[in-house]
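Notes follow the structure.
Order of listing sets the numbers, starting from 1, for every ligand and every atom in it.
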Amino acid sequence: MAVLGPNRYGKAETRVVRVTRHGDAHRIKDLTVSTSLSGDMAEVHLSGDNSAVLPTDTQKNTVFAFAKKHGVGAIEDFALLLARHFADARPAIHHARVAVEEHAWERNGAFGHSFVRSGREVRTCVAHHDGTRSWMVSGLRDLVVLNTTNSEFWGFARDEYTTLPETRDRVLATAVDAAWRHAEAPQDWDKTYENARGALLAAFADTYSLSLQQTLYAMGTRVLAECPGVCEVRLSLPNKHHFLVDLAPFGLDNDGEVFFAADRPYGLIEGTVLREDAPAAGPAWE
Ligand SMILES: O=c1[nH]c(=O)c2[nH]c(=O)[nH]c2[nH]1
């Protein structure tokens, strides 16, 4: 006999751009919003009774309508507004998860109406609401950073398959994928975001690294130090290898000047740094 296990449904990756016009000075917020609802959804799976199902099309429409009615400030505020709306509005829906990604644009010159897509990272958040409580995880992905020195890697375990030479000076590069869990909502989501981002960048730059793992721990620790309401930081750091090219066949030396930036495979270093007294996580990591 089969039974229905955990399930959820929603509209993935609604792309919404909200323009705010103050005379000739316009502002844009460019988001990708994914909603996921769960609750008393047995009947739709078991008998095809759709009466509890708020269509995913409606969820998409709600994203657009809320962007118009409420505007878009910090993505966390927008995500929470939607999560509360979905979880509070309908008895069959017990839990709403809303994930938002923000794609950054910058002004194109002095024009108030012209923008250029920024090379900055994607800002992210995931909000959950269960009708009573809310959880929030904020984060970013594709924050690409590189140090041209102050990175070593040696003293590692060796076996019959190990060929990697030890290095006392290498390029260290990664595309930071980070998520931080808030024990309590900060006054200002944007300020906390900038603090966390600044902490990640500063720790990457000023840590003398003996491994990317050590750098990961330093980055997570720095976010906790700079952001009092954050209790846990998860980091996923691809090691974007830069291999020194052997130029000897061409009669040239290579004193850390020319590198092959390898695409794949790449090392993937992942870890969590949390406060000793971090409260247990809700479902917000999911
Ligand atoms: O910082 C590193 N950590 C590793 O675990 C590892 N493994 C490897 O081949 N190079 C590196 N670099």
Original post:
Going by distance alone, is a donor N or O of one side chain under 3.5 Å from an acceptor N or O of the other, for S47 and D49?
Top reply: no
Original post:
Based purely on interatomic distance, does R170 place a nitrogen or oxygen under 3.5 Å from a nitrogen or oxygen of ligand 1?
Top reply: yes
**OP:** Answer yes when R234 and E232 have at least one side-chain N-carboxylate O distance shorter than 4.0 Å, and no when they do not.
**Re:** yes
Subject >> Atom indices of ligand 1 within 4.0 angstrom of N239 heavy atoms, with elements >> reply: 2 (C), 11 (C), 12 (N)
**OP:** Report yes or no: does R15 contribute a side-chain atom to a donor-acceptor pair with the main-chain N or O of L31 at less than 3.5 Å?
**Re:** yes
Subject >> Approximate separation, where rounding is to 0.5 Å, of L172 CG and H241 NE2 >> reply: 10.5 Å
Original post:
Think R168 forms a cation-pi with W154, using NZ or CZ under 6.0 Å from the six-ring centre and within 45 degrees of its axis?
Top reply: yes
Original post:
ligand 1 and Q213, any nitrogen or oxygen pair closer than 3.5 angstrom?
Top reply: yes
**OP:** Answer with side chain, backbone, both or neither: which part of L164 has a heavy atom less than 4.0 angstrom from an atom of ligand 1?
**Re:** side chain
Subject >> Short N or O distance, F153 and ligand 1, threshold 3.5 Å exclusive >> reply: no
Subject >> For S211, the ligand 1 atoms whose distance to one of its heavy atoms is below 4.0 Å >> reply: 1 (O)
Subject >> For L212, the ligand 1 atoms whose distance to one of its heavy atoms is below 4.0 Å >> reply: 1 (O), 2 (C)
Subject >> Test: E76 and R123 ion pair at under 4.0 Å >> reply: yes
